[in-house]
> 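There's a structure below that I have some questions on.
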Amino acid sequence: MKLGFIGCGNMASAIIGGILNKGLAQPEDICASVKTQSSAQKIQNTLGISCTTNNLEVAKTADYLFLAVKPQFCTDVALQIKDALTDKQVIISVIAGKNLEWLKEHLGNDKKIIRTMPNTPALVGEGVTGVCPDNLTSDEDLQNVLTLLRSFGQADIVTEPILDIVGAVSGSSPAFVFMFIEALADGAVAEGMPRKQAYDFAAQAVLGSAKMVLETKKHPGELKDMVCSPAGTTIEGVNTLEKEGMRSAVMDAVRACIQKTRKL
Ligand SMILES: NC(=O)C1=CN([C@@H]2O[C@H](COP(=O)(O)OP(=O)(O)OC[C@H]3O[C@@H](n4cnc5c(N)ncnc54)[C@H](O)[C@@H]3O)[C@@H](O)[C@H]2O)C=CC1
Ligand SMILES: O=C(O)[C@@H]1CCC=N1
């Protein structure tokens, strides 16, 4: 099984790193193409896969072809590779905002295309990917792609309108979470904690809290209440976050991402 990646930046590198870490494919089974020779060289050195600037070469050889360029470069890339694609290959797009209709129009109506929305925690095997197959993708193709995607985290099938929401709630949200961890640590540093230690404590608290949501299945509000001792310290912080509009800011951020996706 040959895997190809057109575009190998932050997202594709995280996916490839996740797949290699799990041993689901060997470096010699993966090839990628990027814009410049210098980044091709860098990717070869860091991931150990073959990397070129020739999109056509990758498009021709891959059984499973990931499209992982920025949305603004999709049209050019589609024009380059369209005629080299076959109806045997499975094309997996991770590109935000380009729907199946757009992909079919630019790559061919006879092509098997699966739209996905992964996230960068794939790099450490904790990704989550929304998956939306077209009607030409067979069950076997879909299961193979799900196996690949599940090698670096969770993957679930969603409808196409929900996929745009996945892009925000799990695709973009790691950026918000990193900002939150940075801010937690900044607060700790302001009060005298060494910075590295502050990142470790803040990140572990976020990891543990996420695990509690997933494993206890309790409502996040109930878990929050378990931390807030009556007349204690935490409720003072909760009061500050409510006054500063944290929840509303986070909701607005998620909705802003979705609005932008719908414009791409
Ligand atoms: N970064 C993230 O967390 C996520 C990104 N995505 C999607 O992944 C796609 C890529 O995003 P990133 O990896 O963040 O971007 P990036 O800027 O890190 O990587 C883009 C890659 O495309 C290559 N490229 C540019 N023009 C090219 C061309 N004409 N031919 C071949 N390669 C070309 C660049 O060399 C680079 O390797 C986007 O469409 C984005 O919507 C989806 C989910 C999460
Ligand atoms: O910022 C972006 O456009 C991509 C899509 C989801 C996460 N990153």
Side-chain angles (χ1 to χ4, degrees), residues 4-19 30-47 49-62 65-82 84-85 91-100 102-103 106-107 113-124 126-132 148-149 152-156 158 160 162-179 253-264:
F5 288 79
I6 297 190
C8 193
N10 292 314
M11 193 58 247
S13 300
I15 292 175
I16 296 167
I19 290 173
I30 306 179
C31 61
S33 57
V34 291
K35 194 155 178 64
T36 64
Q37 192 52 51
S38 62
S39 51
Q41 194 56 54
K42 212 166 131 199
I43 286 156
Q44 284 195 170
N45 295 343
T46 52
L47 293 173
I49 62 169
S50 71
C51 193
T52 165
T53 53
N54 186 339
N55 292 335
L56 215 49
E57 204 179 294
V58 174
K60 275 183 190 159
T61 49
L65 179 67
F66 286 79
L67 301 182
V69 293
K70 292 279 184 200
Q72 56 267 40
F73 302 125
C74 290
T75 311
D76 284 352
V77 167
L79 273 173
Q80 283 171 18
I81 64 170
K82 185 176 179 183
L85 300 173
I91 300 160
I92 302 129
S93 168
V94 308
I95 300 162
K98 296 294 182 203
N99 61 21
L100 283 171
W102 187 99
L103 292 162
H106 289 80
L107 300 173
I113 305 180
I114 302 181
R115 241 191 107 188
T116 68
M117 190 43 62
N119 64 0
T120 56
L123 184 62
V124 292
E126 293 292 348
V128 60
T129 308
V131 183
C132 180
L148 271 179
L149 300 174
F152 50 81
Q154 312 231 354
D156 270 319
V158 296
E160 207 168 15
I162 297 292
L163 196 69
D164 289 340
I165 302 174
V166 169
V169 75
S170 56
S172 299
S173 68
F176 311 157
V177 175
F178 297 135
M179 289 168 74
V254 169
R255 300 182 78 186
C257 293
I258 297 166
Q259 296 309 323
K260 174 73 179 183
T261 303
R262 289 179 181 149
K263 285 190 204 145
L264 287 172

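Values below: all heavy atoms of this structure, side chains included; hydrogens, waters and symmetry mates excluded. Read the numbers this way: they start at 1 and go in the same order the structure lists the ligands and their atoms.
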> Hey, does V69 have a side-chain heavy atom less than 4.5 Å from the side chain of C74?
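A side-chain contact exists here, since the closest heavy-atom pair is under 4.5 Å.
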
> If I compare all heavy atoms of S93 with all of L103, which pair ends up nearest, and what's the gap?
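Nearest heavy atoms, S93 then L103: CB-CD1, 3.8 Å.
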
> Ignoring hydrogens and angles, tell me if any N or O in the side chain of Q154 forms a donor-acceptor pair with the backbone of V128 under 3.5 Å.
no

> List the steps, then state whether side-chain contact (heavy atoms from CB on, under 4.5 Å) holds for F152 with T129.
CA-CA 9 Å; F152 50 81; T129 308; 3.8 Å; yes

> To check your reading of the model: name the closest protein heavy atom to atom 26 (N) of ligand 1, its residue, and the distance in Å.
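Scanning the protein heavy atoms, the shortest distance from atom 26 (N) of ligand 1 goes to K35 CD, 3.6 Å.
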
> Select the closest option to atom 27 (C) of ligand 1 among I95, V166, V69, judged by heavy-atom distance.
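Selected option, by shortest heavy-atom distance: V69.
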
> Which atoms of ligand 1 have any heavy atom of P71 under 4.0 Å away?
39 (O)

> Considering only protein heavy atoms, which is closest to atom 3 (O) of ligand 2, and at what distance to one decimal place?
A96 CB, 4.7 Å

> Quick check on side chain to side chain contact (heavy atoms under 4.5 Å, CB included): which of N54, T61, I49 does C31 satisfy it with?
T61

> What is the closest protein heavy atom to atom 8 (O) of ligand 1, and at what distance does it sit?
V94 CG2, 3.5 Å

> As an exercise, identify every atom of ligand 1 less than 4.0 angstrom from a heavy atom of T120.
2 (C), 3 (O)

> Tell me which protein heavy atom sits closest to atom 18 (O) of ligand 1, plus the residue, atom name and distance to 0.1 Å.
N10 N, 2.9 Å

> Below 4.0 angstrom from a heavy atom of P118, which ligand 1 atoms are there? Numbered from 1 as shown, please.
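Near P118, the atoms of ligand 1 are 43 (C), 44 (C).
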
> Any side-chain heavy atom of F5 within less than 4.5 Å of one from L47?
no

> Has the side chain of S172 got a donor or acceptor atom that lies under 3.5 Å from a matching backbone atom of G167?
yes

> Tell me the closest heavy-atom pair linking L107 and A78, and the distance in Å.
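Minimum heavy-atom contact is CD2-CB, 3.8 Å.
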
> Using distance alone, decide if ligand 1 has a nitrogen or oxygen within less than 3.5 Å of any nitrogen or oxygen in G9.
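Checking ligand 1 against G9, an N or O pair does fall under 3.5 Å apart.
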
> Taking only heavy atoms of A96, which atoms of ligand 1 are found under 4.0 Å from at least one of them?
39 (O), 41 (O)

> Out of the candidates I95, I92, N55, I113, only one should pair with L67 under the side chain to side chain contact (heavy atoms under 4.5 Å, CB included) rule; please name it.
I95

> Numbering the atoms of ligand 1 from 1, which are under 4.0 Å from a heavy atom of V77?
28 (C), 29 (N), 30 (N)

> Tell me, with the steps shown, if D164 and R115 meet side-chain contact (heavy atoms from CB on, under 4.5 Å).
CA-CA 10 Å; D164 289 340; R115 241 191 107 188; 2.9 Å; yes

> Would you give the length of the straight line joining atom CD of Q44 to atom OG1 of T52, rounded to the nearest 0.5 angstrom?
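Those atoms lie 8.5 Å apart.
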
> Is the backbone of L100 close enough, under 3.5 Å, to the side chain of E160 for a donor and an acceptor to pair up by distance?
yes

> Under a 4.0 angstrom heavy-atom cut-off, which atoms of ligand 1 come close to N55?
30 (N), 31 (C)

> Look at atom 10 (C) of ligand 1 and find which of P121, A68, A175 reaches it with the closest heavy atom.
A68

> Among all the protein's non-hydrogen atoms, which is closest to atom 4 (C) of ligand 1, and how far away is it?
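Answer, as residue, atom name and distance: M11 SD, 3.6 Å.
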
> Non-hydrogen atoms of D76 versus ligand 1: any pair closer than 4.0 Å?
no

> Enumerate the atoms of ligand 1 whose separation from the nearest heavy atom of C8 is less than 4.0 angstrom.
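Taking each heavy atom of C8 in turn, ligand 1 has 21 (C), 36 (C), 37 (O) under 4.0 Å.
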
> Using every non-hydrogen atom in the two residues, find where V94 and M117 come nearest and quote the distance to one decimal.
O-CE, 3.6 Å

> To which protein heavy atom is atom 1 (O) of ligand 2 closest, and what is the distance rounded to 0.1 Å?
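Closest protein heavy atom to atom 1 (O) of ligand 2: S172 OG, 4.8 Å.
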
> Which of the atoms of ligand 2 are close to G171, meaning less than 4.0 Å from one of its heavy atoms?
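This gives 6 (C), 7 (C) as the contact atoms.
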
> Please compare K98, Q80, K70 and report which has the shortest non-hydrogen distance to atom 17 (O) of ligand 1.
K70

> Answer yes or no: is there a donor N or O on one side and an acceptor on the other, between the side chain of T116 and the main chain of P118, under 3.5 Å?
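No, T116 side chain to P118 backbone: no donor-acceptor pair under 3.5 Å.
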
> Taking atom 6 (C) of ligand 2 as the reference point, report whether a protein heavy atom occurs under 4.0 Å from it.
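Flag for atom 6 (C) of ligand 2 set to true, protein heavy atom closer than 4.0 Å.
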
> Going by distance only, is there an N or O of N119 that falls short of 3.5 Å from an N or O of ligand 1?
no

> Looking at non-hydrogen atoms alone, which of G7, A14, A32 comes nearest to atom 23 (C) of ligand 1?
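Ranked by closest heavy atom to atom 23 (C) of ligand 1, first place is G7.
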
> Please state which part of T36 comes within less than 4.0 Å of ligand 1, counting heavy atoms only: side chain, backbone, both or neither.
neither

> Should you measure from each heavy atom of M117, which atoms of ligand 1 turn up under 4.0 Å away?
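Listed by number with element: 42 (C), 43 (C).
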
